[in-house]
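In what follows, a structure is listed as structure tokens, so that the remarks can point back to it.
By convention in this document, chain letters (A, B, ...) are assigned in the order of the sequence lines, proteins followed by strands, and residues within each chain are numbered from 1. Values reported hereafter were calculated over all heavy atoms of this structure, with side chains retained and with hydrogens, waters and symmetry mates removed.
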Amino acid sequence: MKILTHNMLTSNIIKSVKDGYPLKIAATEVQEVDVDFNPEFIQRLLAKLNWSVICEAITQLDATKDIELPENLTDEVKEDEDMLRKIHHVLLEVEVIEGKLICPETGREFPINKGIPNMLLNDEEV
Amino acid sequence: MQVYFSAKVLDAHSPAFIMCTDINKHAANVAQRVSQTNGQSLEIVVTDLVMGFGDQISNKVDLLIFNPPYVVTPSNEVGTKDLSAAWAGGVDGREVTNRLLPKISDILAEGGLFYLVAIKENKIEDIKQILNKQGLTMTVVLTRRSGPELLSTLRFEKIESRVADLPV
């Protein structure tokens with residue numbers, strides 16, 4: 001599961017949960033991969049994600065917790081190739097292989113195995 | 001398999017972020033192995049349709065592809081997480097598809113496309129009406145017979161909203 005994917009996931013699917021976003025990440029195995037860098041693509045992605053959740057997510061992984069990201073996505077940031085490379089790395093090159101996603105409201109855990117999060121609910125939770 | 005193939009085709013043209021879902025974790029694992037063996041990276045989530053994807057995908061998806069369980073079966077065969085989830089579509093083969101259709105317009109970005117596989121028994125005209133009401137136009141891209149099935153690939157496009165003529 002890449003950090004970009006985590007950006008889209010919520011536990012608001014559980015019956016009574018209202019505050020299920022963002023999910024907390026607890027990783028036991030993380031891998032870093034190489035993905036081709038395309039600055040225009042990263043710029044387009046930036047428009048589609050929740051930036052503050054990205055900044056929060058990276059603090060939860062050892063592989064990314066020391067990476068500094070700007071608080072705001074200014075035009076200057078979006079044009080800075082070095083910054084875009086850093087963002088590219090964080091969004092696409094860091095993968096949680098084993099671990100879990102945790103509902104911030106109920107503590108309910110969604111397992112991540114082989115890089116694949118499992119969001120399926122039990123009958124009582126739907 | 002088809003997920004990996006679509007990803008390979010898309011990526012050849014320009015970079016794309018591709019996400020797949022499957023209700024069966026074994027299918028998900030296999031999809032991932034196929035793509036990894038072939039040097040492709042796929043993000044996969046085990047879930048029921050798009051459950052778990054919140055507001056973050058609203059109006060964000062440029063291309064949505066759905067190969068649903070479309071076979072006409074008794075309703076009680078629908079909704080399992082085992083192998084029959086791959087084909088069991090219930091009444092008119094539409095029970096699973098019907099749960100995704102109301103969300104299409106919300107998921108797609110402006111100009112976004114939705115591709116759906118359907119057989120004749122799925123009442124394609126009815127699917128067209130449902131999505132027309134959400135502002136999506138349908139094109140039948142391809143029709144082909146495969147054994148007993150007459151399959152069609154349907155493409156739905158989110159049309160630009162038009163300013164209505166104002167009364168004088």
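- At a 4.5 Å heavy-atom cutoff, A:E40 makes no contact with chain B through either its backbone or its side chain.
- Proximity of a side-chain donor or acceptor of A:D80 to a complementary backbone N or O of A:D82 within less than 3.5 Å is detected.
- By the criterion of side-chain heavy atoms lying less than 4.5 angstrom apart, applied directly or through intervening Ile, Leu, Val, Met, Phe, Trp or Tyr residues, A:F41 is grouped together with A:M83 in one hydrophobic cluster.
- Among residues at least two apart or in separate chains, salt bridge (charged side-chain N to carboxylate O under 4.0 Å, His left out) pairs with a member in residues 91-103 of chain B are B:D48-B:R99, B:D92-B:K123, B:R94-B:D126.
- Counting heavy-atom pairs under 4.5 Å between each of B:A109, B:G52, B:G54 and chain A puts B:G52 at the top.
- Side chain of B:T37 to main chain of B:R33: a donor-acceptor pair is present (N/O by atom type, distance under 3.5 Å, no hydrogens or angles).
- Put simply, the side chain of A:T10 gets close to the backbone of A:G20: a donor and an acceptor are under 3.5 Å apart.
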*So A:E125 and A:K15, salt bridge (charged side-chain N to carboxylate O under 4.0 Å, His left out) or not? Walk me through it.*
CA-CA 6 Å; A:E125 292 174 299; A:K15 219 162 23 188; over 6 Å; no
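- Within a 6.0 Å sphere centred on NZ of A:K2, heavy atoms belonging to other residues, nucleotides or ligands number more than 12.
- For residues 23-35 of chain A, an interface with chain B (any heavy-atom pair closer than 4.5 Å) does not exist.
- Listed by chain and number, the residues in a side-chain contact (heavy atoms from CB on, under 4.5 Å) with A:E68 are A:K86 (sequence neighbours excluded).
- No other option in A:L45, A:I14, A:L4 has as many heavy-atom pairs under 4.5 Å with chain B as A:L4.
- In terms of heavy-atom pairs under 4.5 angstrom with chain A, the leader among B:Q32, B:M51, B:K60, B:E43 is B:E43.
- With hydrogens and angles left out, the side-chain atoms of B:Y70 and B:E121 include no donor and acceptor closer than 3.5 Å.
- B:T21 and B:T47 are not linked by any side-chain donor-acceptor pair at a separation below 3.5 angstrom, with hydrogens and angles left out of the test.
- For B:N29, the parts lying near chain A are the backbone and the side chain together; criterion is any non-hydrogen pair under 4.5 Å.
- Using a 4.5 Å cut-off between heavy atoms, B:M19 contacts chain A through its side chain alone, with no backbone atom that close.
- At a 4.5 Å heavy-atom cutoff, the contact between B:I44 and chain A is made by backbone and side-chain atoms alike.
- Residues of residues 103-115 of chain A lying under 4.5 angstrom from chain B, judged on non-hydrogen atoms, are A:K114, A:G115 in numerical order.
- A side-chain donor-acceptor contact under 3.5 Å links B:D82 to the backbone of B:S84.
- In this structure, the side chain of B:S152 does not engage the main chain of B:T143 through any donor-acceptor pair within 3.5 Å.
- Environment of CG in B:D55: sparse, with no more than 12 heavy atoms of neighbouring residues, nucleotides or ligands closer than 6.0 Å.
- For A:N118, the parts sitting under 4.5 Å from any heavy atom of chain B are the backbone and the side chain alike.
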